[in-house]
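First up is the structure itself, then whatever we jot down about it.
The analysis underlying the following values was restricted to heavy atoms, covering all of them including side chains, and did not include hydrogens, waters or symmetry mates. Naming: A, B, ... by sequence-line order, numbering from 1 per chain.
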Amino acid sequence: MKSFTYERVGTVAEAIDATKRTPHARFIAGGTNLLDLMKLEIETPRHLIDVSRLSLDRIEPSTDGGIRIGAMVRNADLAADARVRRDYGVLARALLSGASGQLRNKATTAGNLLQRTRCPYFYDTYQACNKRVPGSGCSALSGVSRQHAIVGGSQSCIATQPSDMAVAMRILDASIETVRSDGTTRKIPIADFYRLPGATPHVETNLERNELITAVSLPAPVGGLHVYYKVRDRASYAFALVSVAAIVNPDGRGKVALGGVAPMPWRVEAAEEHMVRGAAPVTARVLEGAVTTEQNAFKFSLVERTLAGILSEARGSTK
Amino acid sequence: MVNEDALSISRRGFLAASAGTAATMTIPAAVHADEVQEKPQATRISLTVNTKRRQLELDSRTSLLDALRENLHLTGTKKGCDQGQCGACTVLVNGRRINSCLSLAIMHDGDDVVTVEGLGTPDNMHPMQLAFVKHDSFQCGYCTPGQICSAVAVVAEIKAGVPSHVTGDLNAHPDITRAELRERMSGNICRCGAYPNIIDAIVDVAGARK
């Protein structure tokens with residue numbers, strides 16, 4: 001690991017001030033992903049600003065009937081929160097399907113949104129990877145691509161975004177609250193938060209340099225049956241091959257978002273009008289334009305079958 | 001035959017030389033003075049480990065795991081993968097289980113840490129340690145300290161009502177079942193495959209419904 005200097009800040013204002021003194025710093029909170037990448041020298045920050053003790057660790061009701069989740073709320077605490085379990089079940093389910101008990105105790109809400117791909121070529125510093133070293137090429141395109149994206153990828157990168165939580169937040173129309181380095185705040189709808197790789201796969205979100213996430217807000221509960229199905233190579237503690245987040249209303253209408261198939265939580269709102277007609281037309285629309293390799297083509301039918309299972313469960317639950 | 005001493009000395013010399021080279025090569029010509037790292041930063045922290053207050057001065061890069069093993073010589077906590085995948089390094093921090101390999105020690109200033117040495121001693125074992133012995137819940141034993149720390153936390157998490165991936169009704173208090181315990185222990189890998197006996201030990205301590 002490259003050496004770095006370290007400071008702990010007690011307020012958001014101190015965190016922003018620290019970025020002005022050390023422009024090439026990184027924020028660290030749970031550290032479960034950043035530290036892993038620092039050990040491999042994929043991330044080499046010269047200065048760490050420890051934001052883990054900021055008092056952004058509460059889940060509070062918001063004025064519009066929703067909730068506001070502090071950026072430092074641990075994944076385990078978010079999943080266990082009584083309001084989240086009752087009103088945002090898809091979020092609790094997604095969180096509980098990710099990582100392990102130990103990691104969920106440490107990983108934060110903001111950090112989970114920003115976790116980086118688990119593409120093996122990104123992690124292997126002997127391989128070409130445009131996300132790790134821009135312009136170096138993509139070993140996954142001609143390599144082992146079973147885990148990789150089938151929609152939203154580019155000739156530069158077919159890595160997937162690994163977060164389960166983000167898929168649930170996408171379907172819940174979450175907004176990400178931030179403070180920029182000039183001290184101004186903004187609210188970014190999660191639909192506008194992530195970027196497709198295009199020719200710049202190393203740029204993953206629309207956050208500015210040194211912009212700090214302070215909270216994630218969820219709108220008022222929408223009701224319906226909340227489901228998160230995650231299909232993976234082992235029953236627990238593995239990243240998704242395919243995951244489907246769904247909210248299904250008694251009349252069969254609802255919302256769908258996918259994980260494991262794209263460089264970002266994948267949702268196509270126009271596909272949701274097909275939900276009453278079944279999984280096939282929804283899948284065809286959500287995955288329209290899919291580009292598959294011989295190894296990951298199975299993900300297309302896996303999405304359709306997983307969604308079919310959810311819609312079948314929803315019909316059963318309303319009878 | 002290669003002389004072992006000569007090999008280790010030359011390897012150490014090589015590492016020192018290459019570290020120096022790396023330091024000069026990675027400092028760009030024009031950077032802010034405050035960002036140049038000539039040598040690793042040392043940071044003082046205070047930790048409570050197994051009820052004892054400990055003062056440490058650490059290279060900022062030191063993981064909590066390395067601080068426990070190398071600085072405090074508490075080698076019960078094991079280093080398996082060092083990347084958060086195996087759970088051998090599991091300890092309790094402020095009462096919650098975490099992977100100590102994926103946490104910087106300096107971020108734990110003032111924290112309360114419990115390792116397997118703090119759960120019990122050979123003369124006064126923790127009920128979970130006794131149950132692991134009784135149920136033969138290990139073969140090589142390397143993952144065992146992490147398994148035991150994790151298991152103690154799992155029982156507490158279920159009692160506190162924390163749900164899991166296999167909890168049927170998110171709004172009900174989770175039951176202690178073998179399925180719940182298997183899911184909650186999935187962050188602790190045992191390559192000897194002692195899983196059934198590990199679950200038996202936890203069931204013995206926690207009491208399972210089915």
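For A/Ala235, the part lying near chain B is the backbone, with the side chain staying farther off; criterion is any non-hydrogen pair under 4.5 Å. For chain A, the nearby part of B/Ser164 is the backbone; its heavy atoms alone come within less than 4.5 Å. In this structure, no portion of A/Ala94 lies under 4.5 Å from any heavy atom of chain B. With a 4.5 Å cut-off on non-hydrogen atoms, A/Arg8 touches chain B through its side chain but not through its backbone. Of the two parts of B/Ala172, only the backbone, made up of N, CA, C and O, holds a non-hydrogen atom closer than 4.5 Å to a non-hydrogen atom of chain A. Contacts between B/Leu104 and chain A at a heavy-atom distance below 4.5 Å involve backbone atoms as well as side-chain atoms. For A/Ser97, the parts lying near chain B are the backbone and the side chain together; criterion is any non-hydrogen pair under 4.5 Å. For chain B, the nearby part of A/Leu48 is the side chain; its heavy atoms alone come within less than 4.5 Å.
A salt bridge is absent between A/Arg58 and A/Asp81; no separation between the charged side-chain nitrogens and carboxylate oxygens falls under 4.0 Å. Salt bridge B/Arg97/B/Glu157: present, at least one basic N to carboxylate O contact under 4.0 Å. Residues A/Arg116 and A/Glu43 are paired through a salt bridge, judged by an N-O separation under 4.0 Å between the basic side chain and the carboxylate. Ionic pairing of A/Arg104 and A/Asp77 is not present here: no N-O contact between side-chain nitrogen and carboxylate oxygen is shorter than 4.0 angstrom. For the pair B/Lys79 and B/Asp82, the salt-bridge criterion is met [side-chain N within less than 4.0 Å of a carboxylate O].
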Inset, instruction - Would you please test B/Thr90 and B/Ile98 for side chain to side chain contact (heavy atoms under 4.5 Å, CB included) and show each step? - result: CA-CA 6 Å; B/Thr90 303; B/Ile98 65 164; over 6 Å; no
Inset, instruction - In sequence, state the C-alpha distance, the side-chain angles, and the governing distance for A/Tyr237 and B/Glu183, and then conclude on side chain to side chain donor-acceptor pair (under 3.5 Å). - result: CA-CA 9 Å; A/Tyr237 199 18; B/Glu183 162 60 25; over 6 Å; no
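Interface remark: of the candidates B/Val154, B/Ile189, B/Val93, B/Thr167, B/Thr167 forms the most heavy-atom pairs closer than 4.5 Å to chain A. Here A/Leu96 is the residue among A/Leu96, A/Thr44, A/Leu95 with the most heavy-atom pairs under 4.5 Å with chain B. In terms of heavy-atom pairs under 4.5 Å with chain B, the best-connected choice from A/Val84, A/Leu34, A/Asp50 is A/Asp50. Here A/Ser236 is the residue among A/Ser236, A/Gly89, A/Ser52 with the most heavy-atom pairs under 4.5 Å with chain B. Residue with the most contacts toward chain A among B/His108, B/Arg184, B/Met185, B/Arg182: B/His108 (heavy-atom pairs, distance under 4.5 Å). Annotation: maximal heavy-atom pairing with chain B below 4.5 Å, among A/Leu40, A/Thr32, A/Leu35, A/Leu103, occurs at A/Leu35.
Contacts with chain A (heavy atom to heavy atom, under 4.5 Å) involve these residues of residues 53-65 of chain B, listed by number: B/Ser60, B/Arg61.
Counting heavy atoms from C-beta outward, A/Met169 and A/Ile69 have side chains that approach closer than 4.5 Å.
Note: A/His47 NE2 to A/Ile28 CD1 = 11.5 Å, rounded to the nearest 0.5 Å. Taking NE2 from B/His165 and OG from A/Ser100, the interatomic distance works out to 13.5 Å, rounded to the nearest 0.5 Å. Interatomic distance, CG of B/Asn50 versus CG of B/Leu68, reported as 8.5 Å (0.5 Å rounding). Distance NZ/A/Lys131 to SG/A/Cys129: 7.5 Å, rounded to 0.5 Å.
Nearest heavy atom pair, residue A/Val167 against residue A/Gly259, reads CG2-CA, 3.7 Å.
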